[in-house]
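Numbers for residues simply follow the sequence, beginning at 1.
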Amino acid sequence: MEIQTPSVSEDADMGRVNGISGESEMPQRRRSDVKVYKEFCDFYVRYNMANALANAICERCKSVFSHTERMVNSNGELYHEQCFTCAQCFQQFVDGLFYEFEGRKYCEHDFHMLFAPCCQQCGEFIIGRVIKALNNSWHPQCFCCDICGTVLADVGFVKNASRHLCRTCHNGEKGHGVGKYICQKCHGLIEELPLIYKNDPYHPDHFNCNNCGKELSADARELKGELYCLPCHDKLGVPICGACRRPIEGRVVNAMGKQWHVEHFVCVKCEKPFLGHQHYERRGLAYCENHYNKLFGDVCYCCNRVIEGQVVSALNKAWCVNCFTCSTCNSRLTLKDKFVEVDLKPVCKRCYERVPEEMKRRLAKRERDSKDKRKKIPICL
């Protein structure tokens with residue numbers, strides 16, 4: 001692919017903007033001076049030119065000026081105020097602002113509609129510098145790489161499948177098409193394993209070990225911006241992250257028999273770094289408290305939620321501290337309190353004493369039958 005760089009044209013006029021590729025400058029907005037005829041005369045009197053305006057005429061209607069009317073001075077050309085109008089809509093210029101192109105003056109709206117190109121990216125009129133590329137016009141800040149967003153107005157671009165890309169992205173796309181890396185130094189294809197240096201791929205033989213000077217291979221290690229061969233790096237005693245297998249230059253997390261980058265020691269489920277907070281280990285994996293409880297924690301028999309904090313084990317069930325209450329009066333119970341199981345729920349001693357005697361006998365009989373049944377269950381050996 002050919003690298004294309006728009007050429008700069010300092011003296012480009014509107015005709016050239018619409019006719020060639022490259023860069024151009026749009027005409028800038030100008031302002032006229034409006035004064036009374038007498039004020040112009042007073043100005044010229046100070047320079048011994050009392051009769052300079054005696055025969056002055058309007059550039060448009062070719063008539064003279066009266067001594068009391070207002071007149072417009074536009075770059076040395078004089079007009080009646082009502083004659084100084086847009087060449088397209090014939091309306092007076094707001095605040096004296098106008099654009100001049102090919103000897104004619106236009107208001108801002110008509111100038112945009114007639115001559116100013118629209119940016120292909122944002123759709124707005126372009127005033128000032130224009131980038132012409134791929135048969136379209138662009139604001140300089142809108143002409144960016146379609147992949148990484150780098151502004152291309154001053155660095156050139158490569159046309160790639162009707163896209164405008166910077167050189168780096170073009171090389172990446174080219175390498176991706178053949179399933180290989182592109183060396184960021186020689187821009188050639190990397191046939192074997194690349195050397196990753198500052199997150200970019202390179203041919204390993206472009207570098208030498210910072211310690212012994214040997215030519216590097218793909219297993220070289222980067223430390224504090226310098227590259228080392230594997231033997232030299234191991235002699236430095238730098239810890240290796242258990243997740244990314246890269247050297248750890250800053251803070252080190254020691255956990256689960258390994259060393260980690262702070263940002264790489266994360267929960268195996270949500271992948272959020274622990275950042276010094278407590279973690280829970282199970283079968284060689286680390287979990288945050290929330291996911292550990294959801295996966296392996298006790299579920300309260302009452303509220304059916306994972307129990308966070310202290311667990312009350314009673315009646316062969318698990319309970320939250322606040323959920324372990326009397327099922328009759330809702331008073332909170334502890335394992336030190338006396339309670340009775342009624343319909344698989346705890347009942348405090350006070351409420352149980354209010355139960356009719358007939359009901360107590362039935363509950364006692366049910367309890368005995370349940371124990372006898374458990375004793376009769378055969379045990380398989």
Q: Look up atom SG in C267 and atom NE2 in H279, then write down how far apart they are to the nearest 0.5 Å.
A: 11.0 Å
Q. For atom CZ of R282, is the number of surrounding heavy atoms from other residues, nucleotides or ligands below 6.0 Å larger than 12?
A. yes
Q | Within the 6.0 Å centroid threshold, strictly below: F98 and Y106 | A | no
(Q) Could you measure the distance from the CG atom of L333 to the NZ atom of K349? Nearest 0.5 Å is fine. (A) 13.5 Å
Q. Got a second to check how far C169's SG is from R163's CZ, nearest 0.5 Å?
A. 9.0 Å
Q) Any side-chain heavy atom of Q91 sitting closer than 4.5 Å to one from T85? A) no
Q. Can you tell me how far CD1 of I240 sits from NZ of K258, rounded to the nearest 0.5 angstrom?
A. 13.0 Å
Q | Intermediate values then yes/no, side chain to side chain donor-acceptor pair (under 3.5 Å), E77 and Y79 | A | CA-CA 7 Å; E77 297 177 349; Y79 297 84; 2.8 Å; yes
Q.
To the closest 0.5 Å, what do you measure between CD1 (I131) and CD (Q121)?
A. 13.5 Å
Q | Minimum heavy-atom distance L227-L216, with the two atoms named | A | CB-CD1, 3.5 Å
Q: Give a yes/no verdict on a cation-pi contact between K185 and Y202, requiring under 6.0 Å between NZ or CZ and the six-membered ring centre and an angle within 45° of the axis.
A: no
Q) Between F324 and F339, how do the two ring planes meet: parallel, tilted or perpendicular, split at 30° and 60°? A) perpendicular
Q: With side-chain contact (heavy atoms from CB on, under 4.5 Å) as the test, would you mind laying out the steps for M256 and E281 before giving the verdict?
A: CA-CA 8 Å; M256 303 171 61; E281 300 178 17; 3.2 Å; yes
Q: For S331 and R350, test the side chains for any donor-to-acceptor distance below 3.5 angstrom and give the result as yes or no.
A: no
Q.
One pair to check against side-chain contact (heavy atoms from CB on, under 4.5 Å): L152 and C166. What are the steps and the verdict?
A. CA-CA 7 Å; L152 303 174; C166 63; 3.8 Å; yes
Q | side-chain contact (heavy atoms from CB on, under 4.5 Å) assessment of C241 paired with Q259 | A | CA-CA 5 Å; C241 177; Q259 296 173 308; over 6 Å; no
Q. What class does the angle between the rings of F207 and Y197 fall in, given that below 30° is parallel, 30 to 60° is tilted and above 60° is perpendicular?
A. perpendicular
Q: Mind listing the closest non-hydrogen atom pair of C86 and C107 along with its distance?
A: SG-N, 3.4 Å
Q: Any chance you could lay out the side-chain contact (heavy atoms from CB on, under 4.5 Å) test for H277 and C288, step after step, and finish with the verdict?
A: CA-CA 8 Å; H277 295 93; C288 63; over 6 Å; no
Q.
Using 30° and 60° as the class boundaries, would you call the ring planes of W138 and F143 parallel, tilted or perpendicular?
A. tilted
Q.
Does N316 have more than 12 heavy atoms from other residues, nucleotides or ligands lying within 6.0 Å of its CG?
A. no
**Q.** Donor-acceptor contact present, side-chain E222 to main-chain K198, <3.5 Å
**A.** yes
(Q) Which heavy atom of R332 sits nearest to which heavy atom of D337, and what is that distance? (A) O-OD2, 4.1 Å
Q) Are the side chain of W260 and the backbone of A255 linked by a donor-acceptor contact shorter than 3.5 Å? A) yes
Q) With a 4.5 Å limit on heavy-atom distance, are the side chains of H206 and C183 in contact? A) yes
Q | R129 with D154: basic N within carboxylate O range, under 4.0 Å | A | yes
Q.
Determine whether the aromatic ring centres of residues F296 and Y280 are separated by less than 6.0 angstrom.
A. no
Q. So which heavy atom on V262 is nearest to which on R251, and how close?
A. CG2-CB, 3.6 Å
Q. Hey, are E263 and K272 close enough for a salt bridge, meaning a charged N less than 4.0 Å from a carboxylate O?
A. no
Q.
Could you check whether any side-chain N or O of Q92 sits under 3.5 Å from a backbone N or O of E81, counting only pairs where one atom can act as donor and the other as acceptor?
A. yes
Q: Using modelled atom types only, decide if a donor and an acceptor are shared between the side chain of S327 and the backbone of P346 within a distance under 3.5 Å.
A: yes
Q. How about K62: does its NZ atom have over 12 heavy atoms from other parts shown lying under 6.0 Å from it?
A. yes
Q) Same cluster or not: are V253 and V268 linked, directly or through other Ile, Leu, Val, Met, Phe, Trp or Tyr residues, by side-chain heavy atoms under 4.5 angstrom apart? A) no
Q) Is the shortest heavy-atom distance from the side chain of F157 to the side chain of C145 under 4.5 Å? A) no
**Q.** Closest heavy-atom pair and its distance - P239, V252
**A.** CG-CG2, 4.1 Å
Q.
Any heavy-atom pair between the side chains of D146 and L165 that's under 4.5 Å?
A. yes
Q) Counting only heavy atoms not in K317, do more than 12 fall under 6.0 Å of its NZ? A) yes
Q) For the atom pair NE2 (H291) and CG (L285), what is the distance rounded to the nearest 0.5 Å? A) 13.5 Å
Q. Hey, does R60 have a side-chain heavy atom less than 4.5 Å from the side chain of H80?
A. no
Q) Between the side chains of E226 and Y228, is a donor N or O closer than 3.5 angstrom to an acceptor N or O? A) no
Q: Would you name the heavy atoms of C209 and C229 that are closest together and state the gap between them?
A: SG-N, 3.4 Å
Q. Heavy-atom distance under 4.5 Å between the side chains of C186 and H203, does that happen here?
A. yes
Q: Find out whether L230 and R221 are in side-chain contact, i.e. whether some heavy atom of one side chain is under 4.5 Å from a heavy atom of the other.
A: yes
